[in-house]
Amino acid sequence: GYVFSGWTGACSGPGSTCVLRIQSSASVTATFTRVELTVALTGSGTGSVASVPAGISCGADCSEAYAPNTPVTLTATADAGSSFAGWSGACTGTDACSVVMSTARNVTATFTRNTHELTVTRTGSGTGTVTSMPAGIACGADCAETYIELTSVTLTATPAPGSTFNGWSGACSGTGACTTTMLAARAVSAAFAAIPGWDMTPPAISCSASPNRLWPVNHKLVDIRVAVSLTDAGSGPAGFKLLSVTSSEPLNAKGDGDTADDMKGWLLNTPDVTGQLRAERSGTRRDRVYRLTYRGFDVAGNTATARCT
């Protein structure tokens, strides 16, 4: 498992024989190097490397000393879900690695995880969404995702109001949840059908605030009441909610009196129509505008928004 590396001291060089003429005391050092083959595993995937002749079985045993000039062949085997990407160090490429152990050698085997893309399409006269577990697909918006090989992915179809889910095609079938194992790229279609006669028209919504002018600009809070009108000729109105209350100026800007809570008492995401707004503006001589945004919805689930100032 060792090879002679050379002489130092009164002799030098790699020759196997040191000849001295002794005229005084002399010191000679012979250096022997261990002829060891060392294997490292790297990459996002997993696998193993074995040698012929035996000695290396890496993961578990990744180094071995061999007699000088022994030819050694290394073979890489990827685990399920991984691929062997190639050698570096004393070997290159993806074929078996063959080395002659004339000196110590280092070899690295790289393994990568296999990935495959899952693609979802929606078809039919209706509408709906498809979501995945593990997360990644939320179709409408995001209809493709790459998953690690062997990942089990479950897709769930949810029809929108006025639609029904008619079933899967492609990598899945039927109308239940779609579960597929990512052994290769997969494509799945979800069919949605519109319900005949279903109301698809959004409601009509409008709003007005009272008072709609805050004067004088005295830095005081003013009670506001909003009148919201919601009508729907199809399935009928179902309700509304306050989405936001905003200002055209930064709150507490220079010159506005530096008072806090300029928009007070408003409950977002509820049908709130009362609150307080401060009669305020910055020192730019421009009027401050408050905006209240409401969303109305009908029984069929259609929505519309309105904004008042």
Side-chain angles (χ1 to χ4, degrees), residues 44-45 78-83 85 112-206 228-244 268-271 293-307:
S44 60
D79 292 339
S82 296
S83 295
T112 57
R113 295 295 297 268
N114 299 334
T115 59
H116 306 291
E117 187 174 57
L118 175 59
T119 303
V120 174
T121 56
R122 297 174 299 162
T123 63
S125 59
T127 58
T129 59
V130 177
T131 56
S132 68
M133 183 60 67
I137 288 177
C139 185
D142 183 358
C143 296
E145 183 69 16
T146 298
Y147 292 97
I148 294 171
E149 188 172 285
L150 301 179
T151 299
S152 178
V153 182
T154 298
L155 299 175
T156 301
T158 304
S163 296
T164 58
F165 175 57
N166 280 1
W168 306 100
S169 59
C172 288
S173 60
T175 56
C178 162
T179 300
T180 184
T181 300
M182 298 303 295
L183 300 174
R186 305 287 194 198
V188 178
S189 291
F192 297 95
I195 298 175
W198 189 269
D199 177 16
M200 302 294 286
T201 303
I205 183 173
S206 62
V228 178
S229 172
L230 178 67
T231 59
D232 186 81
S235 58
F240 64 87
K241 61 183 178 181
L242 175 63
L243 294 183
S244 64
L268 301 184
N269 296 310
T270 72
T293 302
Y294 286 86
R295 173 172 291 164
F297 44 95
D298 62 19
V299 173
N302 303 302
T303 65
T305 58
R307 178 179 291 172

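Here the structure is a predicted model, which means the values were calculated and not measured.
- The line from OG of S125 to CG of N166 is 8.0 Å long, rounded to the nearest 0.5 Å.
- Within the 4.5 Å cutoff, the side chain of W168 has heavy atoms near those of the V130 side chain.
- D79 CG to E149 CD: the interatomic distance, rounded to the nearest 0.5 Å, is 11.5 Å.
- A distance of 10.5 Å separates CD1 in I148 from NE2 in H116, rounded to the nearest 0.5 Å.
- P203 is listed as a side-chain neighbour of N302, based on a closest heavy-atom distance under 4.5 Å.
- For residues 145-174, the set of pairs meeting the disulfide bond (SG atoms under 2.5 Å apart) definition, not counting sequence neighbours, comprises C172-C178.
- Under the 4.5 Å side-chain criterion, counting only non-hydrogen atoms from C-beta, T303 is in contact with F297.
- Contact check for N269 versus L243: side-chain heavy atoms found under the 4.5 Å cut-off.
- Between F192 and F165, the two ring planes are tilted [angle within 30° to 60°].
- Interatomic distance, CG of L118 versus CG of L155, reported as 5.5 Å (0.5 Å rounding).
- S83 and T112 are not linked by any side-chain donor-acceptor pair at a separation below 3.5 angstrom, with hydrogens and angles left out of the test.
- Contact annotation: the side chain of I137 approaches that of Y147 to within less than 4.5 Å [non-hydrogen atoms, C-beta and beyond].
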